[in-house]
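Report on the structure given below.
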Protein chains: 2
Amino acid sequence: MPPYDPSAFPPFAVTVDLVVLTVRKHALCALVVRRGEAPFQGKWALPGGFVRPDEDLSTAAARELTEETGLCAHTPEAPATANGAHLEQLATYGDPDRDPRMRVVSVAHLALAPDLPAPRAGGDARHARWSPVEELLGTTAGGRRTELPAEPLAFDHGTILGDGVERARSKIEYSSLATAFCPPEFTVGELRRVYEAVWGVVLDPRNFHRKVTGTPGFLVPTGGTTTRQGGRPAQLFRAGGATLLNPPMLRPEV
Amino acid sequence: MPPYDPSAFPPFAVTVDLVVLTVRKHALCALVVRRGEAPFQGKWALPGGFVRPDEDLSTAAARELTEETGLCAHTPEAPATANGAHLEQLATYGDPDRDPRMRVVSVAHLALAPDLPAPRAGGDARHARWSPVEELLGTTAGGRRTELPAEPLAFDHGTILGDGVERARSKIEYSSLATAFCPPEFTVGELRRVYEAVWGVVLDPRNFHRKVTGTPGFLVPTGGTTTRQGGRPAQLFRAGGATLLNPPMLRPEV
DNA sequence: GCAAAAGTGTTTACGATACACCCATGT
DNA sequence: ACATGGGTGTATCGTAAACACTTTTGC
């Protein structure tokens with residue numbers, strides 16, 4: 001590649017920002033990190049960083065995800081990593097004023113992860129933590145705005161987080177993506193609680209069970225059972241090969 | 001904004017590329033332009049160009065669209081322009097090798113336009129034209145690959161076009177976007193032919209009619225009628241306020 | 001009259017909902 | 001025994017698919 005010629009085109013900084021979502025304690029949570037420097041010093045922000053000169057966008061996103069969480073990414077190219085998370089491109093944000101220092105175009109990515117012990121970053125909860133998206137956005141799970149968030153995110157990261165949450169909420173309707181929030185083996189009830197947390201609704205356990213077990217390729221039984229939720233032992237499943245759900249899961253009216 | 005400091009971050013060129021789709025003669029077509037310079041000189045490519053230093057990404061896309069077609073964009077911010085087209089961000093492509101000259105990140109946008117007289121660019125069909133997406137991609141409307149395209153698009157524009165077509169095909173299922181392919185006033189039959197062209201299927205005219213006229217807010221009758229399709233005069237409609245279709249239009253199995 | 005497209009009515013099938021009910025474990 | 005969550009059966013309702021049929025124009 002020829003050397004950079006500043007007269008040929010306007011130079012931009014390109015970053016990747018990550019919306020990393022998980023379900024903890026029946027609430028949809030996002031990973032946020034504390035900013036150590038200006039601007040927005042001390043504010044919470046989405047994890048992210050510069051794209052390197054010879055790195056693809058998805059590679060940069062996977063690298064940032066691993067650096068922040070230790071997770072490996074399930075991309076279409078490498079679908080079956082251990083301890084993996086779903087990772088997909090979300091949207092790109094390039095308002096000229098979104099960063100006061102310089103012109104930055106951020107390619108946001110969406111990652112879905114199972115419940116993890118605790119964020120890395122030295123294990124210091126002051127530098128990285130999972131926060132309920134309700135608190136970060138000031139909305140209910142149904143999408144209604146309640147009040148302004150107590151601690152707004154830095155830059156336009158509130159907008160990015162909102163778009164990522166909206167993507168996740170709509171995509172679990174017609175794809176098997178909800179299983180990305182679950183550990184490798186999970187019960188139907190655990191999967192149902194994922195839907196309930198992400199959508200902020202209560203689903204009928206009986207109809208949900210029939211629906212997901214009746215969709216070919218969605219769930220495959222592993223043979224094992226568990227009583228970790230109490231009550232009668234539940235069958236364990238893992239995600240099947242199907243990625244598209246037809247007919248889709250129906251999200252109740254809000 | 002401080003001046004550019006090359007030591008602070010790797011510099012990228014940022015462009016917008018446009019997937020402009022329309023329905024002509026019962027076929028889904030895309031706008032392509034002939035490249036006048038290397039690389040890929042003489043090949044067909046998607047229209048696009050550099051983002052200017054103080055321009056938002058959506059502004060740059062709308063500017064390129066107007067330059068190439070004379071269309072104004074219907075964005076969420078300015079929804080009601082005359083002779084307008086739907087415009088939305090599609091995805092961002094940043095493979096380090098996608099442009100042999102330098103590191104270029106392209107923010108692709110998707111535009112849907114009604115059937116237009118002929119492309120601009122001086123009215124010269126050798127420099128810009130509408131081509132059926134089947135020919136450009138080498139696939140059938142159902143999505144099956146038939147053969148390699150006779151004239152592959154420059155750069156990774158074949159991939160971008162494929163993603164844009166896929167977005168359009170899925171989005172008309174659950175939104176009123178198909179009306180963006182129609183003139184301001186249209187008949188139910190014309191709208192049905194849009195769905196048939198985009199999906200490459202044949203739909204039952206009777207069930208289609210009941211479905212679209214029965215969805216509140218989708219279509220509003222203007223009172224006029226037309227016989228431009230032959231047969232019994234058909235009512236004219238314009239797009240209603242509803243943007244989301246619930247329940248969605250069901251795409252037949254392919 | 002005939003062709004062509006618009007529009008209505010009717011039958012059938014399938015999936016979603018609601019909910020009664022039984023099952024298998026922990027305490 | 002009883003609470004808890006897992007899982008099955010069944011009636012009802014709404015929407016989609018299939019298709020017979022009528023309406024209104026042009027030729």
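Note: hydrogens, waters and symmetry copies are ignored here, and every other heavy atom, side chains too, is used. Lettering follows sequence order; numbering is per chain, from 1. Because the structure is a prediction, the values reported are computed rather than measured.
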Short of 4.0 Å, heavy atom to strand atom, which residues of residues 213-236 of chain A count as contacting DNA chain C? A/Gly231, A/Arg232, A/Pro233

Measure the distance from CG on A/Asn207 to P on D/dT10 and round it to the nearest whole Å. 15 Å

Expressed as a whole number of angstroms, how long is the span from B/Arg206:CZ to D/dC21:C1'? 9 Å

Please confirm whether the backbone N or O of A/Thr92 pairs with a side-chain atom of B/Gln89, one donor and one acceptor, at under 3.5 Å? yes

Euclidean distance, B/Phe218 CZ relative to B/Thr243 OG1, rounded to 0.5 Å: 11.0 Å

Atom CG of B/Leu219 and atom CZ of B/Phe186: how far apart are they, to the nearest 0.5 Å? 5.0 Å

Between A/Glu64 and A/Ala61, is there a donor-acceptor pair closer than 3.5 Å when you use the side chain of the first and the backbone of the second? no

Scan residues 170-195 of chain B against DNA chain D and write down, sorted by residue number, each residue with any heavy atom closer than 4.0 Å; if none is found, say none. none

Worked verdict on A/Tyr93 versus A/Asp17 for side chain to side chain donor-acceptor pair (under 3.5 Å): CA-CA 10 Å; A/Tyr93 300 82; A/Asp17 285 324; over 6 Å; no

Whole-Å distance between D/dG6 C1' and A/Arg210 CZ? 13 Å

Could you give the start and end, 5' to 3', of the contact zone on DNA chain C for chain A, using atoms under 4.0 Å from its heavy atoms? C/dA16 to C/dT25

So what does B/Pro205 hit on the nucleic acid, given a heavy-atom distance under 4.0 Å: a base, only sugar-phosphate, or nothing? nothing

Separation of D/dG14 atom P from B/Leu250 atom CG, nearest Å, is 18 Å

Is any side-chain nitrogen or oxygen of B/Lys211 closer than 4.0 Å to OP1 or OP2 of D/dA16? yes

Side-chain donor/acceptor of B/Asp156 to backbone N/O of B/Thr159, under 3.5 Å: no

Residues in ring-ring contact (aromatic ring centres under 6.0 Å, His included) with A/His157, at least two apart? A/Phe155

Please state whether the phosphate of D/dG6, meaning OP1 or OP2, lies under 4.0 angstrom from any side-chain nitrogen or oxygen of A/His209. no

Quick one: salt bridge (Lys or Arg N to Asp or Glu O under 4.0 Å) partners of B/Lys171, sequence neighbours excluded? B/Glu88

Using the ring-ring contact (aromatic ring centres under 6.0 Å, His included) criterion, which residues pair with B/Tyr195? Sequence neighbours excluded. B/Trp199, B/Phe208

How far apart are the closest heavy atoms of A/Val33 and A/Glu68, and which atoms are they? CG1-OE1, 3.7 Å

Does B/His26 use its side chain to pair, donor to acceptor, with the backbone of B/Arg24 at less than 3.5 Å? no

Whole-Å distance, A/Asp204 CG to D/dT8 P, equals 14 Å

